[in-house]
Structure formats: structure tokens, C-alpha cells
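To find a chain, count down the sequence lines: A is the first, B the second, and so on, and within it residues start at 1.
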Amino acid sequence: MTKMEHENLQIGPEIYGELLQGCVYERALYTGQQIHARILKHGDFFSRNDYIATKLVVFYAKCDVLDAANSLFFRLRVKNVFSWAAIIGLNCRMGSCEEAIMGFVEMQENGVSPDNFVVPNVLKACGALGWIGFGRVVHGYVMKVGFDGCVFVASSLIDMYGKCGVLDEARKVFDGMIVRNAVAWNSMTVGYVQNGLNEGAIGVFYDMRVEGVELTRISVTSLLSASANLDALEEGKQGHAVAVISGMELDNVLGSSIINFYSKVGLIAEAELVFSRMIEKDIVTWNLLISCYVRNGQIHKALNMCHLMRSELLKFDCVTLASILAAAADTRYIKLGKEAHCYCIRNNLDCDVVVASSILDMYANCRRIDDARRIFNSISHKDIVMWNTILAAYADLGLSGETLRLFYQMQLEGISPNVISWNSVILGFLRNGRVNEAKDMLTQMQSSGVQPNIVTWTTLITGLSQKGYGDEAILFFQKMQEAGIKPGAPSITSALSACTDLVSKHHQNFIYENAIYEIAFTEPESLPGIINHLLKDVDLLP
DNA sequence: GTGCGAGTAC
């Protein structure tokens, strides 16, 4: 260009356009700015040229220069689909999702029809905001103008529906696709994981392999998340194997998801090995190894990692502190807990809801219920987890009156109790020996439409058994199974202990003693059957 | 132009 200028050759708008296009391609901000300067030097002729002006908007938008892109865009005389697309995409990348969606509406109001390049960005914004209603509007537009055959659009629809929690719709779009690429498959897998359907995600991953679609880092990352959530050792190991065999780059995200998987299944040495092999580690990677140690009771290693992390000049964030607070809570290490609390205050991390709940939990676990309560009272926006943390703290102490009072208070403040809230109220009554109230709460819970989970049943079975109501404990053990819940080790243990109590209490016949003797040598899987068998005889007891 | 990783409550 400089040479052309020296030789006094005419540089037309097309040449500037091409040059800017090249800068977009290379994300060459500085060069593009220089070209912009030359354009301005030529005066109004070029800078008022619609073609060049649009190219400039696209250029600044792609380089994420918000101010320049916006001001040039507003000065455009003719806003075409390219400039709108650039601005919508920029807003989307900057996290201004509402702006992106408004752009989609405005461009249509101005008579410009969104193309299939704009639609994915708008759908992304809908997904991020959870605006399912608007997402459906965009889907309607897609069908109307016939973009549904575009893989980019369809993949974005899958992602949007998944993020909005409407997995059925995501699946419908996926099933309706004629040609699916890896992104479509990955969006579907991710949708399952994000909606807690981890088995479904693993299923999609396997289908993907069967169909011969090339697996990407993202496919493996999603599989590893699902496996971690399910404690699915084999599946997760296969995911790691796929990553190694396919020679996938062990980047921050893939590496972190492998560490997360090994951490969840308790394979600490494997997590450490992956950590040590990662070239680049970010805050998430470090936090994962720290939480791995905390989760597995290795507090000293966790704290040591914290020190190493600081020597790498990384600053602790909310997640780091949540892990440290959990470590302090688990070990009732009040000194560490207070230090962590102070760190949160100094670094403004205590306003994070998760950190705040962790602080509460830490004080409660360290037997400082008054400190926990003071902090709880000082928090203006309390979420369900925070309420449940304080409920659990009082319930654990057997202060059923205060637990119940807070339980009503949370509802007055517009938070509906979930199964965990109810479980704490039940536990509070049981710890206080108020067995009838505990049972009554179960009835109330069910009539309020909240279904008891395995913890509810185990709490009741254990509590009743400990308070000497062995027959009732066994009754609830039976009810749990009638409700379709498979007993776990804690409920089986409590039911067994209820049986032994009944035997000794009633100085009963050999049936129980023999049964318990047998139970002692039985595989855990068959225990529920044995206990159920015992129930028949329990009914015969006086 | 579309897809990915971490922390809290029973």
C-alpha cells in the first residue's frame, strides 16, 4: 500500500476493504489501525464510503475494541447484515447478552434479516441468560427462513435448549439433524451433563464413537465430567485413555477435567501425575488439586499446594477459599478457619454466596454456633444453601425449636425449603428426642410435595434406632424400600443395630441371634433382603 | 459463526 502511494497509484475502496479483511483474519489490530489512519487522511471520500465504514466496524468488532466498533457502527448510514452481525457478535463475546438480543430485534425492525451467522450468537446469548422464551422465538425464525439445515444454527439451538434446561427440545433438534458434526454431538453431550443426566451424556459419547465421529477435547472433557459426577471409574479412565491415544493436547481445560475425575474417584496419585505433566496451569487446575486433597482428608498437602500456588504468583479466589474453609470445617481447625475468614474479608471474597456458606459451616462445625449465627444474620441475600447450612448447624446440636423457627423464617423470606431443609428439621427433632415431631415432619414434607431422599430415610432409621425405637426404625427401613430407594451402608447399619437392640431388649429366641450371626458374614448387597426377612418376625414381637 | 474444566447445605 505504501509503495502504491509513493507511486501515486490510485487506491480504491476495494483495496482498503481487502486490507482490513486481512487484518480481521490475522486479528492484526495495530496494522488495521494504521490502515484506518490512512483512510482518514484521505478525508471524507473514503471514510464516508459505506463499504469501507462497514469493514471498519467489522474489523474493530472482531478485535474486541468495543468503543471504536460501537461509535463507528452508530455513525453508519447504512447498517447491513454484516455490521449488525459484527456488533451482535461483539456484545455476545463481551458478555452483554441483552445487548446482543436487542441487536437481533433492532436489526429486524430496521428491515435487515438476520442471517445464519447472526443466529448462533443470538442463541448463545439466550442460553447464557436462560431466556428460553426468546430462544423459542429465534427457533421459530430459524424454521421460517429455513436455517434449520445449517449445522452452526442447529448446534447452537441444541446448546441453547440445553443451557435453558429443556433437554427434550435439544434432543429433538439433534435427532432432526441430517448432518451432525462434532460440535452438534458435543453440545448434546454437554447438555446432558449440565442437566444432571450423566448416564445420558455417557450414552451420547458412546453413540458418537459408534457413529465414527471424531472425538474432540470437548467430547472427552464432557465424558470426564459425567464420569466424575457418577463416580464412574471405568468410563472416566476410558476418557483419559482416548485423550492419550488420540494425542490430544493436555490443555488447561482437558487437564483439569482429568484431575477432577481422578479426584472424585479418589485416585489421588493419578490426579497428581496429570497435574505434574501439565505445562500450563491456571487457577482452576490448582484449585482442583487443592480440593482433591481436602476431599481426601490430606489437609497438609492442600495447604502446601496453597503455598506453592502463591509462589507461582497466583492469587486465591473464591473456590480456593471454599476449599480451605471446608478443610477447616472437616478437621475443626478453628485457627485455620479464622485465618481463611480474615483472608476473605481482606480480599472481598466473603460476599460470594458459596464462600459465605462455607464460613458459616466452618464456624458451626468448629462448635461456634454464635459466630455462625452472627454472620448469617449479617447477610442480606440468603440463598437456599445458606439457609440449609444454618438449619443443619442447629439441627446437629439438637436445637429443634430454633431449627423450626428458622425453617418458618426462610419461608417468610420467600425461600421454599427443599429436601435438605426438611431433612435438617427432622434431624433436629430426632437429636432432641422428639420422635413424634420428626415423624410428623416427614408427613408434612410429603404433603408439601417434597419427596424424601435416601438421607431422609437414613436420618429417620438411624435416629429412631438410636433413641430406642428399633421396631419403628425397621418399619422405616421397609418404607424406604417401598418408596423405591435402595438402602445404603448407613441405613443398613442402623437397621441391623435396631435388630440387635430388639433381640437383647426382648431376650428373644434364636431367630435373631442366628440371623445377626449370619449377617456378620454376609455380602452387603444381600443385607436388605435379610433384614426384610427379619421384619416378619419383628411383627411377632410383643 | 456453534461445543469444554473448579468450590457450599442433609
Assess the residue pair I324(A) and Y343(A) against the criterion (side-chain contact (heavy atoms from CB on, under 4.5 Å)); give the C-alpha distance rounded to whole Å, side-chain angles, the decisive distance to 0.1 Å, and a yes or no. CA-CA 11 Å; I324(A) 297 173; Y343(A) 185 93; over 6 Å; no

Integer-rounded Å distance: dT8(B) P and D350(A) CG: 18 Å

Looking across every strand, which nucleic acid part, if any, lies under 4.0 Å from K163(A) by heavy atom: base, sugar-phosphate, or nothing? sugar-phosphate

Using atom CD1 of I218(A) as one end and atom C1' of dC4(B) as the other, report the distance to the nearest whole Å. 5 Å

CG of N229(A) versus C1' of dA6(B): gap in Å, rounded? 12 Å

Below 4.0 Å: OP1/OP2 of dC4(B) and any side-chain N or O of Q194(A): yes

Nearest to side-chain heavy atoms of C318(A), which nucleotide of dG1(B), dG7(B), dG3(B): dG7(B)

Geometric class of the Y141(A)/F147(A) ring pair [parallel <30°, tilted 30-60°, perpendicular >60°]: perpendicular

Check step by step if side-chain contact (heavy atoms from CB on, under 4.5 Å) holds for I390(A) and K382(A). CA-CA 11 Å; I390(A) 199 81; K382(A) 304 179 184 84; over 6 Å; no

Within this structure, what is the CZ-to-C1' distance between R93(A) and dG3(B), rounded to whole angstrom? 17 Å

Rounded to whole Å, how long is the line connecting atom CG of N365(A) with atom P of dA9(B)? 9 Å

Sequence neighbours left out, what passes side chain to side chain contact (heavy atoms under 4.5 Å, CB included) with Q238(A)? Give chain and number order. Y206(A), R209(A)

Over all strands shown, is R180(A) touching base, sugar-phosphate only, or nothing at heavy-atom distances under 4.0 angstrom? nothing

For a quick check of understanding: with a heavy-atom distance under 4.0 Å over all strands, which category does N116(A) fall into, base, sugar-phosphate or nothing? base

Of the options dT2(B), dC10(B), dC4(B), whose atoms approach the side-chain atoms of V190(A) most closely? dC4(B)

For the side chain of S156(A) and the base of dG1(B), is some donor closer than 3.5 Å to an acceptor across the two? no

Compare side-chain N and O positions of K264(A) against OP1 and OP2 of dA6(B) and report whether any pair is under 4.0 Å apart. no

dG3(B) P sits how many Å from L123(A) CG, rounded? 10 Å

Quick one: label V151(A) by what it contacts on the DNA or RNA (base, sugar-phosphate, nothing), any heavy atom closer than 4.0 Å. base

Report yes if some heavy atom in the side chain of M107(A) is under 4.5 Å from a heavy atom in the side chain of K79(A); otherwise report no. no

Just to verify, which of T458(A), T459(A), N453(A) counts as forming a side chain to side chain donor-acceptor pair (under 3.5 Å) with T456(A)? N453(A)

So if I take residues 278-292 of chain A and measure heavy-atom distances to DNA chain B, which residues fall below 4.0 Å? D282(A), V284(A), T285(A), N287(A), L288(A)

Between residues 250-262 of chain A and DNA chain B, which residues have a heavy-atom gap below 4.0 Å? N252(A), V253(A), S256(A), N260(A)

Does any donor-acceptor pair link the side chain of S357(A) with the base of dT8(B) at a separation under 3.5 Å? yes

Taking only N and O in the side chain of R295(A), is any of them less than 4.0 Å away from OP1 or OP2 of dG7(B)? yes

Any base atoms under 4.0 Å from V355(A), or only sugar-phosphate, or nothing? Heavy atoms, all strands. base

Positive for ring-ring contact (aromatic ring centres under 6.0 Å, His included) with W387(A), one of W422(A), Y408(A), F376(A): F376(A)

Counting any heavy atom closer than 4.0 Å, what does V385(A) reach on the DNA or RNA strands: base, sugar-phosphate only, or nothing? base

So S424(A), base contact, sugar-phosphate only, or nothing? Heavy-atom distance under 4.0 Å. sugar-phosphate

Among dA9(B), dG3(B), dG7(B), the one nearest any side-chain atom of D159(A) is dG3(B)

Are any of the side-chain heavy atoms of I369(A) and L399(A) separated by less than 4.5 Å? no

Tell me which nucleotide among dT8(B), dC10(B), dA6(B) gets nearest to the side chain of D317(A). dA6(B)

Does S263(A) reach a base, just sugar-phosphate, or nothing at all? Heavy atoms under 4.0 Å. nothing

Is a side-chain donor-acceptor pair under 3.5 Å present for S156(A) with D159(A)? no

W457(A) vs F477(A), test: ring-ring contact (aromatic ring centres under 6.0 Å, His included). Steps then yes/no. CA-CA 7 Å; W457(A) 294 110; F477(A) 186 76; over 10 Å; no

Over all strands shown, is S187(A) touching base, sugar-phosphate only, or nothing at heavy-atom distances under 4.0 angstrom? sugar-phosphate

Find the distance M177(A):CE to dG3(B):C1' and express it as a whole number of Å. 12 Å

Quick one: does any side-chain atom of N195(A) pair with a main-chain N or O of G191(A) as donor and acceptor, under 3.5 Å? yes

Spell out, as yes or no, whether a donor-acceptor pair under 3.5 Å connects the side chain of D352(A) to the backbone of V354(A). yes

Whole angstrom is fine here: how far is it from CG in D361(A) over to P in dC10(B)? 6 Å

Between dT2(B), dG7(B), dA9(B), which nucleotide has the shortest distance from any of its atoms to the side chain of I384(A)? dA9(B)

What's the closest nucleotide to the side chain of V319(A) if the choices are dG7(B), dC10(B), dC4(B)? dG7(B)

